[in-house]
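Right, one structure below, let's go through it.
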Protein chains: 2
Amino acid sequence: MADPKPLRADARRNRARVLDSAEAVFAAAGPAASMEEVARHAGVGVGTIYRHFPTKEALFEAIVVSRYERLAEEADSLASAADAGAAFFGLFTRMVEEAATKKAFADTLVRAGVDVKAATSASGRKLVHAFGGLLARAQGAGAVRDDADITEVMAILAGMTLAAEHASWDRDLRTRALGIVFDGLRSTRPR
Amino acid sequence: MADPKPLRADARRNRARVLDSAEAVFAAAGPAASMEEVARHAGVGVGTIYRHFPTKEALFEAIVVSRYERLAEEADSLASAADAGAAFFGLFTRMVEEAATKKAFADTLVRAGVDVKAATSASGRKLVHAFGGLLARAQGAGAVRDDADITEVMAILAGMTLAAEHASWDRDLRTRALGIVFDGLRSTRPR
DNA sequence: GACGATACGGAATATCGATTCCGCTTGTCA
DNA sequence: TGACAAGCGGAATCGATATTCCGTATCGTC
């Protein structure tokens with residue numbers, strides 16, 4: 001399963017350009033943005049996009065995967081941070097912030113915690129796993145209650161992420177809302 | 001601004017049928033469900049739908065408004081409940097549960113807390129106001145932290161609602177996730 | 001610099017769903 | 001019961017997009 005053919009120089013360049021533009025366009029206009037819009041932004045014809053990605057969904061998926069990959073790496077690099085609690089809450093916040101900016105991200109994130117869709121799921125699972133590591137360490141350090149498992153955390157993360165994406169909260173509201181939620185994650189079951 | 005004309009008997013019947021079907025269809029298939037689907041479900045032609053609602057959005061809005069109205073009433077009726085905390089958390093849970101079943105509900109709920117869209121907003125504001133009353137009473141009873149205002153609560157509610165709608169969590173996960181969030185709302189800002 | 005093989009651009013096609021239109025049906029009222 | 005307005009059904013229209021196709025332009029190699 002090696003590389004079938006080395007891409008021609010300009011083809012490689014265009015492929016990258018398309019990927020970048022797609023990320024930018026979808027981030028700004030959501031997943032409903034049209035292929036033409038992406039093509040225009042990339043300065044190529046729609047045909048070119050289709051030469052590289054068989055379908056709109058494939059293109060979209062490619063972007064999501066790379067974003068997951070990036071976040072998973074980030075999680076891994078935080079795996080040995082001094083303050084485990086800060087690392088966990090920090091990345092949690094970061095993902096929500098990112099969703100507030102880059103639309104069409106949360107939607108797929110929800111599923112990462114639940115669905116089973118192959119392609120996206122592979123890297124999705126990787127992300128969940130990496131984030132799960134951060135959670136475990138934070139719990140070990142006593143920064144997060146022990147009776148919270150990664151599934152619940154992903155559920156809550158998904159929720160806050162979706163909300164941040166859909167509504168246009170200002171950073172302040174985002175911070176306060178997250179503050180309350182974080183207290184819940186710290187809580188030693190008060191009641 | 002009285003009623004322009006009393007509707008003919010069958011027209012009234014059809015209008016109601018359309019409204020019911022629309023609620024059912026959108027609840028099951030999300031807001032992307034087609035008008036034909038609604039028409040088929042109601043046993044009428046698409047033309048009939050348009051006789052009663054000028055546009056798909058208008059139809060959709062009608063449903064949302066009635067749902068808001070219902071919830072607002074429910075909130076009001078709980079305004080004098082013995083256990084203010086239970087009333088607040090109960091309705092919160094109920095809304096999330098409802099979203100899990102009826103799609104295309106959360107989406108609009110997010111906006112109720114933020115947007116300013118007239119029609120929907122009128123009743124949306126009513127709901128927020130009523131729910132705010134419940135929050136205030138719960139705080140008065142010491143069941144919810146005092147430094148949480150309705151805006152933040154709506155933000156969190158919107159998030160959990162959206163998540164419940166998109167992902168297909170089982171009731172158990174929903175309950176556990178909400179449990180954590182609720183602890184955050186009770187929390188007396190731990191650290 | 002010439003020849004394939006690769007890629008490209010973008011017009012043409014295929015689909016799908018909202019909305020409009022109009023001849024036909026049914027309720028209402030005298 | 002007959003006339004007429006109010007309603008109805010659903011085919012036709014319009015618009016928006018994804019996706020396909022093919023003549024043309026470019027790259028890599030000799």
Side-chain angles (χ1 to χ4, degrees), chain A residues 2-64 103-104 107-108 117 119-120, chain B residues 2-64 103-104 107-108 117 119-120:
Chain A
D3 26 58
K5 318 254 169 101
L7 280 179
R8 220 169 73 176
D10 61 342
R12 188 161 34 259
R13 182 170 51 254
N14 276 330
R15 185 193 163 90
R17 203 174 288 179
V18 165
L19 224 30
D20 285 351
S21 295
E23 173 145 18
V25 171
F26 286 140
S34 77
M35 292 299 259
E36 293 221 47
E37 209 165 321
V38 174
R40 206 176 313 132
H41 186 289
V44 305
V46 279
T48 300
I49 299 185
Y50 282 93
R51 174 166 316 288
H52 294 293
F53 303 92
T55 191
K56 181 178 184 174
E57 192 172 318
L59 170 60
F60 195 78
E61 203 168 84
I63 293 170
V64 173
K103 296 195 168 210
D107 226 54
T108 64
K117 216 174 161 201
T120 313
Chain B
D3 27 58
K5 320 254 170 101
L7 279 178
R8 219 169 72 178
D10 61 342
R12 187 159 36 260
R13 182 170 51 255
N14 277 329
R15 184 191 163 92
R17 201 174 289 180
V18 166
L19 225 30
D20 286 351
S21 295
E23 174 146 16
V25 171
F26 287 140
S34 77
M35 292 298 259
E36 293 222 47
E37 209 165 319
V38 174
R40 206 175 314 133
H41 186 288
V44 304
V46 279
T48 300
I49 299 186
Y50 281 93
R51 172 165 317 289
H52 294 293
F53 304 91
T55 189
K56 179 179 184 174
E57 195 172 315
L59 170 60
F60 195 78
E61 205 168 82
I63 293 171
V64 172
K103 294 197 171 211
D107 227 54
T108 65
K117 218 173 158 201
T120 312

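Here the structure is a predicted model, which means the values were calculated and not measured. So that the names make sense, note that chain A is the first sequence line, chain B the second, and so on, each numbered from 1. Values below: all heavy atoms of this structure, side chains included; hydrogens, waters and symmetry mates excluded.
The distance from atom OH of B:Tyr50 to atom C1' of D:dC8 is 16 Å, rounded to the nearest whole Å. The distance from atom CZ of A:Phe53 to atom P of C:dC8 is 11 Å, rounded to the nearest whole Å. When rounded to the nearest whole Å, the span between CZ of B:Phe60 and C1' of C:dG17 equals 16 Å. Between the NZ atom of B:Lys56 and the C1' atom of C:dG17 there is a distance of 8 Å, rounded to whole Å. One interatomic measurement links the two molecules: CZ of B:Arg12 to C1' of D:dG7, which rounds to 13 Å at whole-angstrom precision. Distance B:Ile49 CD1 to C:dC21 C1': 16 Å, rounded to the nearest Å. We find that CZ of A:Arg40 is positioned 11 Å from P of D:dA18, with the value rounded to whole Å. The distance between atom CZ of B:Phe26 and atom P of C:dA18, rounded to the nearest whole Å, is 8 Å.
Here C:dG17 is the nucleotide among D:dG7, C:dC8, C:dG17 with the atom lying nearest to any side-chain atom of B:Ser34.
Nearest-nucleotide positions on DNA chain C place A:Val44 closer to the 5' end than the other of B:Val46 and A:Val44.
In terms of phosphate contacts, A:Thr48 brings no side-chain nitrogen or oxygen within less than 4.0 Å of OP1 or OP2 of C:dA7. Between B:Thr55 and C:dA18, a side-chain N or O to OP1/OP2 separation shorter than 4.0 Å is absent. For D:dC8, one of the phosphate oxygens OP1 or OP2 lies less than 4.0 angstrom from a side-chain nitrogen or oxygen of B:Asn14. Side-chain N/O atoms of B:His52 include none lying less than 4.0 angstrom from OP1 or OP2 on D:dG7.
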Checklist entry - Which nucleotides of nucleotides 23-30 of chain D have their base under 4.0 Å from a protein heavy atom (B), which only their sugar-phosphate (S), and which neither (-), written as one string 5' to 3'? => result ---BSS--

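Side-chain N or O atoms of A:Ser34 include one that pairs as donor or acceptor with a backbone N or O of A:Glu37 at under 3.5 Å.
At a threshold of 4.0 angstrom between heavy atoms, the contacts of A:Ala32 with the nucleic acid are absent.
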